[in-house]
Amino acid sequence: MRRLSKLVATAFIGLFFASSASAIDLTVVSWGGAYSASQIKAYHEPWMEMNPDVTFIYDESAPEGVAKLRAMSEAGNLTWDLVDAIAADVIRLCDEGLAEVVDVDEILAPAPDGTPASEDFGDLLVSDCLIPQIVYSTVVAYRNDVNEWEGRLPEDICALFDLENFPGKRGLEKRPINNMEWALLCAGVPKDEVYEVLATDEGQQMALEKLGTIKDETIWWSSAAEPRQQMADGEIKIGSSYNGRWFDLINVDGAPVEILWDAQVFDIDGWIIPTGLPAERREAVIEFLHFATDTQRLADQAKFISYGPARMSSAPLVGMHAELGIEMGPHLPTDPNNSKNVFVYNFDFWADYRDDIDVKFQAWLAN
Amino acid sequence: MQKLRAFLLVVPLLLFVLLSFVGPIIDMLFRSVENYLVSDTLPRTVAILDDEDVNEDWQPSEDLFSALYVDLAIAVDVKAHTRVGSRLNYERSGIASLFRSTGRKLSGIGSRDYAKTVKSLNPSWEGIEHWQQFVAALENANALPNTTAAFRQWQRDHAARRTDVNSLEPQDVLFVVLVEEALSVGEGRLAAIGSPHSDNLAEILANAAAFEPIEYKEAFLGFDKKWADRELWVTVSLYSSRLTSGYFLNSIDLKKSEDGIEARPERERLYTKIFMRTFAMSIFITLCCLVIGYPVAYLMANLPTKHANILLILVLLPFWTSLLVRTAAWKVLLQEQGVINDILVSIGLIGDLNRLAMINNQLGTIIAMTHILLPFMILPLFSVMRTIPPSFVIAARSLGATPVTAFRRVYFPQSLAGVGAGMVLVFILAIGYYITPELVGGTNGTFISNRIAYHISSSLNWGLGAALATILLAVVIMLYWTYDRLVGIDNVKLG
Amino acid sequence: MARFPAYASGWDKTWHYAFRIICGLVFAFLMFPILVILPLSFNAGNLFTFTPEMLRFDPDGYSLRHYRNLFQSPDWQIAMYNSFRIAPVATLVSVSIGTLAAIGLSQRHMPFKQAIMAILISPMIVPLIISAAGMFFFYSRIGLQGTYVGIVLAHAVLGVPFVIITVTATLTGFDHSLTRASASLGAGPVKTFFKIQMPLILPGVISGALFAFITSFDEVVIVLFVGSADLKTLPWEMFSGLREQLSPTILAVATVLVALSVMLLTCVELLRRRSQRMRGLEP
């Protein structure tokens, strides 16, 4: 990737500016695929046009980002300059001292109306190291052409557990996060007590029992592409995945699928600056971040992928999808119509209980 | 001389394998017992806990919290407190956020006032240089050991993170330790340090009233009432040693407790289950390979060489074909919208709605792995069977033995060497498999390797991953040794 | 027609044919998955199964689109490029030092032969995930994680056992009087090696090299841990394809790889026969 995707600015511009600044290569780690493409179009390409001395090297190692960054730092051998990570991982990186603590008001641009960045991001600043980019959600979708449902369509999250009215295979992620919350919600736990209950052994038991009612009917996925494929094939009738995957399935492939926005779980993805960058590289990274996370750039990204911009001030600027030509606003998880009943991924809770509950969940699955 | 020459030829490779393969693996295995983090980050707290008997009636003391404050404050400055929190969180959920949130609030304990007051008495305390000279003088005079230790640890921890120690700003905690220790020691004993440092200390003592004593316990309980929880302290004291058996206990579903080692509750037992599953499935796969490999090897051994060679190529072709190609092929064949299900539906054997689930479960792993490992069974069987003279069976038959008896009493015992070699080889390869179970194993067809990979690359519990790897490796080495005894490793044949 | 001994009963004959059928089924099991992907890779659709058009042998049911995709998509191109620049170099490393060691190991005076052999063969036996994790930490420490050199070294270690096994196999039964004769006739050790030993062990060296090559070319676990996205190889791309989005391009890749294995297997077979002829083990 490094060799081929080195996007070198044209020689002409390069020559023109060659004397003004020294060239710098920045290694940016992200997820690859459609997500990286949306970032490149919205942030990297415009920035390189403005700064011909900067060359980005794209590395798609974000899925193993935390492990690799930790090994690199243990070894004192840092080769990454900017890393994209989901918020839960940002918290871990921050905890481990692998990500730099940042003051977003100091290094990022304020909103056009002057609102400081920290207020513009609001609740999304879940870690001292996080520089938020987008909000995505894990959300349930269903096929709207299932004969056995006799015209009934799911209206709330508990349809997932309702085998009587909505028979058929389910597709759920092979990990406790999100599934446990939904199970408790449908076992009758009030929404604001879910995490309190889930912290107890009995609560975890209750959630697993509720999941047990659909265990035989569930196909567990570990990669978000699986439920999309299975939903397209009709192998599953209802299941969870990221909203961007469902968007593609519905709007690009035209599958008879609808999203059930109820109890969608918001999650955040953002940048971190690895600890220990040399001053010159750190400066170059921060200059880029100042641009790449401003109100317009975050809004631009939504033209290429159906994830919500992390800044509140970006929302009114979101326009049409660059290729499909549909208005993106109503397809974003952050749209008011979609976000009537939302869980925000409870980062603190899962940082504490992830390992513990995961063991119980996997043991339950294995039985 | 000849010995030396032979040895010299081997040396480059031996060094290469030792350095880039054996060494790294041994190094990784040490992570399974290594536990420096807790005692290195919380040395004072651990020292106090070691001396105490944390029994039912035990209450965390003011001294303990005072020690914890110094440890944590230094850790916060080098961002190590959350690492130790994450480490302890593996043993007890909730510690990670406790350390994180306490770290955030720690400066509210009153330490800032101490630093401010001291600096206002003499501005030279603001600079690191002054501190360095001061601590050097303390060391010479053997005075104020706590202050010396705190300063040195703080400096060392920063240096370990490649920070330039000469550009550091003295942290509040250093002032707290200094003032408290100086006040407790008293002026008389400080004169030995020598001017100008003793005068600086005298200034501080003269203004003793300006320092309001910090109520550590009260402050910590104010940060979070969990700090009063005895169980928390039990966990810290159980996992404070520099080497721990904790990861190994965890990997066989045991845990440390105050009363020694105990089993985890039924619902938390995972790893013994996965180990048993790995062994059971590997044995089953080995038997499948034996059952379907034996007749083929027999046939090939009893055909004329020319024909046998053609069949041998058919056995070797899958062996030479990429593992991922074969796994992909099985995925295509077995999946719900795949070839086999389509065939079964089109001939009306099953309904379109009742397609068989043959993948993403144990069945999928067993089918794909049997296919992948079959050549490793057939080849050793074949090489042994080729040496069995057919005349023995003919003799037995002509003496009146039934075909079954002749096979059972005469042929089979002679082929046992091949059976043993093939079974051990297939079993060794099977228990360490990762790729195929990962791709077709689903929820109940994954192996211990998949869990090791999860801990290395996803949960980051590297100690537990290393402990699981050590156990797996020990089993493999035992089998390897058996294999060596049985056939001799230098007798391995590749086609 | 099979010739049966005089004492063969009707049961024997039935069993004889039944046995052949069983063996036929086993061979079908061995070959079926590999054979089935070949036609599917020419599928004109995006499916993983035989479409009605394909079953009617309608030309519209077949196309080369997945092959075009394979040779046009940048991801697969990079993967191919990396695979072909890692495997040969790794092979070269393991063959060069592996052959030397094999010669040393097959001399009668070799001390600690068993123990050294056990160590050198171990990369083949140790579960890959353990090797991969060990190398991941170690290579991170010395700055080789995510580098070309790191992967080449890691793959070279994995290839070593195969070189050792095949080369020592050709050396067993090697007549040492040949080297003595050569020496007594005045040839130096270097000349003796190239004129006498080399031609005899060459088939073993080459087939060891082919094994080492296929090992590196087919390896994915180490690449996943020690590599990085810009060093992804064909197996890496296939692995993520199989885990993420199963695209029929994978079948095209698979077909190309099967063709490659057939080629390599043929080479190994020819070499083996040549070696046996040269050593006079078989007519």
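In this text, all values refer to a predicted model and were calculated from it rather than measured experimentally. So that the names make sense, note that chain A is the first sequence line, chain B the second, and so on, each numbered from 1.
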Let's go through A:Asn367 and B:Lys273 carefully: what are the C-alpha distance in whole Å and the side-chain angles of both, what is the deciding distance for side chain to side chain contact (heavy atoms under 4.5 Å, CB included) to 0.1 Å, and is it a yes or a no? CA-CA 9 Å; A:Asn367 273 336; B:Lys273 236 177 249 167; 3.4 Å; yes
Need one label for [X]: side chain, backbone, both or neither, based on atoms under 4.5 Å from any heavy atom in chain B.
X        : value
A:Ile91  : side chain
A:Lys360 : both
A:Gln205 : side chain
A:Ala199 : neither

Give the minimum heavy-atom separation between [X] and [Y], together with the two atoms involved.
X        : Y        : answer
A:Glu96  : B:Thr82  : N-OG1, 4.1 Å
A:Asp358 : B:Arg451 : OD2-NH2, 3.0 Å
A:Val359 : B:Glu268 : CG1-O, 3.3 Å
A:Ala351 : B:Ala96  : O-CB, 4.4 Å

Quick one: does [X]'s side chain get under 4.5 Å of [Y]'s, heavy atoms only?
X        : Y        : answer
A:Asp128 : B:Arg104 : yes
A:Thr275 : B:Arg161 : no
A:Glu74  : B:Trp462 : yes

Name of the residue among B:Ser86, B:Ser93, B:Ser97 meeting side chain to side chain donor-acceptor pair (under 3.5 Å) with A:Asp352: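 Only match with A:Asp352 under side chain to side chain donor-acceptor pair (under 3.5 Å): B:Ser97.
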Decide if atom [atom1] of [X] counts as having more than 12 heavy atoms of other residues, nucleotides or ligands within a radius under 6.0 Å.
X        : atom1 : result
A:Asp103 : CG    : yes
B:Phe284 : CZ    : no
B:Arg83  : CZ    : no
A:Glu193 : CD    : yes

For the atom pair [atom1] ([X]) and [atom2] ([Y]), what is the distance rounded to the nearest 0.5 Å?
X        : Y        : atom1 : atom2 : answer
A:Lys174 : B:Asn360 : NZ    : CG    : 8.0 Å
A:Trp364 : B:Thr443 : CH2   : OG1   : 9.5 Å
A:Asp233 : B:Arg355 : CG    : CZ    : 9.0 Å
B:Ile359 : A:Ile219 : CD1   : CD1   : 11.5 Å

Does B:Leu460 form a side chain to side chain contact (heavy atoms under 4.5 Å, CB included) with A:Arg70? I'd like the steps, not just the answer. CA-CA 9 Å; B:Leu460 297 196; A:Arg70 182 156 133 182; 3.6 Å; yes
Between [X] and chain A, which part of the residue has a heavy atom less than 4.5 Å away: side chain, backbone, both or neither?
X        : value
B:Arg264 : neither
B:Arg277 : side chain
B:Ser101 : neither
B:Arg267 : both
B:Tyr271 : side chain
B:Ile456 : backbone

Using a strict threshold of under 4.0 Å (side-chain N to carboxylate O), is an ion pair present between A:Asp356 and B:Lys255?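 No, B:Lys255 and A:Asp356 are not salt-bridged.
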Sort out for me which of B:Asn89, B:Asn444, B:Asn461, B:Leu98 touches chain A most, counting heavy-atom pairs under 4.5 Å.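 Max contact count across the listed options: B:Asn89.
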Judged by atom type as modelled, is there a donor-acceptor pair below 3.5 Å linking the side chain of A:Arg92 to the main-chain atoms of B:Ser459?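 At least one qualifying donor-acceptor pair exists.
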Please check if the side chain of B:Lys79 supplies one atom and the backbone of A:Cys94 the other of a donor-acceptor pair under 3.5 Å.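 It does not hold such a pair.
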